[in-house]
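Along the sequence shown, residues are numbered consecutively beginning with 1. What you are looking at is a predicted structure, and each value in this text was computed from that prediction instead of being measured.
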Amino acid sequence: MEDNRINILLIEDNPGDARLIEVMLAESTAMKSHLAWCADLASGLAHLTSNVIDILLLDLGLPECSGLDTLKVLQAELPKIPALVVLSGLLDEDVALRAVQSGAQDYLVKGKIDTALLVRSIRYALERNQTEEALREAHAELENRVQERTAELASAVAALKAEIAERKLAEEHIQYMAHYDALTGLPNRVLLQDRLVQAIAHAYRKKSQVAVLFLDLDYFKHVNDSLGHQMGDRLLKAVADRLQECLREGDSLSRLGGDEFVLCLTMLAGSIDAASVAKKVQDELNRPFTIDGNLMHVSASIGISLYPDDGKTAEALMSAADTAMCQAKKIGRRNYQFFTQALNKAVQDRVEQEQLLRLALLRDELELHYQPQVDLESGEIFSAEALLRWCQPGKSATSCSTFIAVAEETGLILSLGEWTLRQACRQLKQWQDAGHVSMRVAVNLSPRQFYQDGFQQNIRDIVISSGVLPSTVDLEITEGILLQRNEDNLAKLHQLSEMGIQLSVDDFGTGYSSLAYLQRFPVDGLKIDQSFVRSINQDPGATALVIAIISMARSLNLKVLAEGVETEEQIRFLRSHGCRYGQGFFYSKAVPGNQLLQLLSNQSRRSGRL
């Protein structure tokens, strides 16, 4: 791997599937990679023989060779195959499983792949391949030793017996390493699969239930980051010991890797038994751990699936428990959740929306609308906020509020954010070239964009290449970014400010509004959240808060803009208390760029400038 990048070869005859894989890898912030794509097996073999490849993604449905025959051709043509993940269709999952049994490290089913699953599968395949390679080398070394010793001590029967015994022990150790986690000694994913299959078969015969508890430690990354991986490993071993205390007779515990554990519970009478074990796990982990004199606290999010209600195969039960675990994290962590069909539908809808959103980027189905920002004194438009819209064929334009959460979760927000800023700057340039030289544009900034490596340089490149002045671009940031009080965040904001880019705090007042961070960070303006503006003269608390925000902003010499302005009464109130700028339906809804240009032209004609 060069520069920590994983060299990936994809052999896939479908350009659309190949493009989706490419986009998923590009969007991942958890793994750096370089992808090469070959559309047929022959060119893939040629690429493998002339390039260093860390992992191979192989479609089992190639026209010229399909199914297990594809894997047999690779094994026959190549002396050594890199880590291998096979790709199968929805109806070929059994073929993919046989491919894993025949040498592949993992498999993925097309149509069920998302970014997190793809990255996890690649990492797992690399780890497993490295382990298998180490085992092969150890076995080869052992074979050489046995041969050398046998040749040297051919006459020494006792020594030969000792060597045979040593070889037997080594092979047992190899088998152990292939089925058990090296750190904790717990069964690994391979042995878990075997035990879960056996448990399901037994439950089928006995008409009983099996539960899978998928456990993920909360915020474990903080332990590694603050105390180091060695301390983290010791804590994982201590957690494994605690979890084993929660097992009943016949139950089993496995470690999948990282901070993920799975409990397989057998001979259940119902979901109450599974909930009882989950509660016991929570109680055990809530007790503090003492590692090398350090008092450490751990909690876990647990997802529970039941056989046969939630799935009749090991894979289905694992997937359902994983989904439930993600739900437990989503609603606050330190809890357990059972899998439900409603949850499954929500997950499937989210996966489908992610795939449609990726295609929307490729098909140019996204566009920007612009809501005018107005000087409340003169009524003139001086800027516009860029708002993303999804224009699916045959449907009306969809507001970004319906899909932005999926974009944030999957990392697509990075591509969407960059696209939005680039398009907004191009539109601003068109307005300015049409004679509206003082026009500005405001663009919302996602926290994930802000924390991305190279973020400041990317912003600079986009703004400069568009031909607009940085001072005419206003980036709207959330209060959450300011609350992360570290030197890196402060340095990024100062670099943006030094470029000349304006910085505004969006939806001010909805979070932890603090005078202290406004004084520390290079902020140019505040936007009063529309929920407060709508409540002016209706809710005394909201009205007082609007007055306080305006007063605070003026005392710090910050521009203040009110969102959601809809009535003349609101405008009079805002003007009387010193708020000079606003936006809302009173002036205009968000409109396409050409319509906003018409508004600007009408405004200029009224004022006699054009």
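Residues Asp529 and Asp506 form no side-chain contact, since every pair of their non-hydrogen atoms from C-beta on lies 4.5 Å or further apart. Side-chain atoms of Arg580 and Asp375, non-hydrogen and from C-beta on, do get closer than 4.5 Å to each other. Between Glu385 and Lys527, the closest side-chain pair of non-hydrogen atoms falls below 4.5 Å. Put simply, the side chain of Met24 reaches to within 4.5 Å of the side chain of Arg358, judged on heavy atoms. Using a 4.5 Å cut-off on side-chain heavy atoms (C-beta onward), Leu243 and Phe261 make contact. Considering only heavy atoms from C-beta on, Val212 stays 4.5 Å or farther from Ile304 through its side chain. Put simply, the side chain of Arg534 does not reach to within 4.5 Å of the side chain of Thr567, judged on heavy atoms. Looking at heavy atoms from C-beta onward, Leu213 lies in side-chain contact with Leu265 at the 4.5 angstrom threshold.
With values rounded to the nearest 0.5 angstrom, Ile291 atom CD1 is found 7.5 Å from Met231 atom CE. Within the model, atoms CD1 of Ile413 and CD of Gln452 stand 11.0 Å from one another, a figure rounded to the nearest 0.5 Å. Distance check: Leu215 CG to Tyr336 OH gives 13.5 Å after rounding to the nearest 0.5 Å. Going from atom CG of Leu600 over to atom CD of Gln432 covers 10.5 Å, rounded to the nearest 0.5 Å. Note that CG of Leu421 is 10.5 Å distant from CG of Leu428, once rounded to the nearest 0.5 Å.
Ring to ring, Tyr581 and Phe382 are close: their centroids are under 6.0 angstrom apart.
Not one N or O on the side chain of Ser276 forms a donor-acceptor pair closer than 3.5 Å with the backbone of Ile272. With hydrogens and angles ignored, the 3.5 Å screen pairs a side-chain donor or acceptor of Gln603 with a backbone N or O of Ile381. A donor-acceptor distance shorter than 3.5 angstrom exists from the side chain of Gln282 to the backbone of Ala300, with no hydrogens or angles considered. Remark: side-chain polar atoms of Trp431 are paired, donor with acceptor, to backbone N or O of Gly593 under 3.5 angstrom. Remark: the backbone N or O of Asp461 is paired with a side-chain donor or acceptor of Ser465 at under 3.5 angstrom. Asp539 contributes no side-chain N or O that, together with a main-chain N or O of Ser535, makes up a donor-acceptor pair within less than 3.5 Å. For Thr543 (side chain) and Asn537 (main-chain N/O), a donor-acceptor pair under 3.5 Å exists by modelled atom type. For Ser601 (side chain) and Leu597 (main-chain N/O), a donor-acceptor pair under 3.5 Å exists by modelled atom type. The main-chain N or O of Ala328 is found under 3.5 Å from a side-chain atom of Asn335 such that the two form a donor-acceptor pair. Remark: the backbone N or O of Leu118 is not paired with any side-chain donor or acceptor of Ser121 at under 3.5 angstrom.
Closest approach of Val441 and Tyr370 over heavy atoms only: CG2-CE2, 4.2 Å. In plain terms, the two heavy atoms of Pro470 and Ile464 that are nearest each other are CG-CD1, 4.3 Å. For the residue pair Leu295 and Thr290, the shortest heavy atom distance occurs at CD1-OG1, 3.7 Å. Minimum heavy-atom separation, Leu217 to Leu236: CD1-CD2, 3.9 Å. Closest of all the heavy-atom pairs between Ala424 and Val443 is CB-CG2, 3.7 Å. Heavy-atom minimum distance, Asp310 versus Ser305: OD2-CA, 3.4 Å.
Remark: of the listed residues Arg440, Gln502, Gln373, Gln373 is the sole one forming a side chain to side chain donor-acceptor pair (under 3.5 Å) with Ser383. Residue Val468 is tested with Arg426, Gln427, Lys429 for a side chain to side chain contact (heavy atoms under 4.5 Å, CB included); the sole match is Lys429.
Under 4.0 Å is where a charged nitrogen must lie from a carboxylate oxygen, and between Asp216 and Lys329 at least one such pair does. One finds no salt bridge joining Glu569 and Arg572 here, because no Lys/Arg side-chain nitrogen approaches an Asp/Glu carboxylate oxygen to under 4.0 Å. Asp218 has no carboxylate O lying under 4.0 Å from a charged side-chain N of Arg334, or vice versa, which leaves the two without a salt bridge. The pair Lys559-Asp474 meets the salt-bridge criterion, since a charged nitrogen lies less than 4.0 angstrom from a carboxylate oxygen. Salt-bridge annotation for Asp283 and Arg287: absent, with no side-chain N of the basic residue lying under 4.0 Å from a carboxylate O of the acidic one.
Applying the side chain to side chain contact (heavy atoms under 4.5 Å, CB included) criterion to Lys492, with sequence neighbours excluded, gives Phe450, Phe455, Gln456, Asp488. In this structure, the side chain to side chain contact (heavy atoms under 4.5 Å, CB included) partners of Cys246, at least two apart in sequence or on a different chain, are Lys280, Val281, Glu284. Evaluation of the side chain to side chain contact (heavy atoms under 4.5 Å, CB included) rule for Val565 yields Val533, Ala562, Gln570, Ile571, Leu574, Phe586, Tyr587 as partners, not counting sequence neighbours.
Looking only at atom types and distance, the side chain of Asn594 has no donor-acceptor partner in the side chain of Gln598 under 3.5 Å away. Using modelled atom types, one finds a donor on one side chain and an acceptor on the other under 3.5 Å when comparing Glu367 with His369.
Using the six-membered ring where Trp is involved, Tyr219 and His222 have ring planes that are parallel, under 30° apart on the 30 and 60° scheme.
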### Task
Please report the C-alpha distance between Arg19 and Glu22 in whole Å, then the side-chain angles of each, then the deciding distance to 0.1 Å, and finally whether the salt bridge (Lys or Arg N to Asp or Glu O under 4.0 Å) criterion is met.
CA-CA 5 Å; Arg19 178 57 178 158; Glu22 180 183 9; 3.1 Å; yes

### Message
Is there a side-chain hydrogen bond (donor to acceptor under 3.5 Å, both in side chains) between Gln327 and Gln337? Walk through the geometry before answering.
### Response
CA-CA 7 Å; Gln327 177 67 9; Gln337 294 292 315; 5.5 Å; no

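In this structure, Glu568 places its CD atom where only 12 or fewer heavy-atom neighbours from other residues, nucleotides or ligands lie under 6.0 Å away. Within a 6.0 Å radius of CG in Asn557, no more than 12 heavy atoms belonging to other residues, nucleotides or ligands are found.
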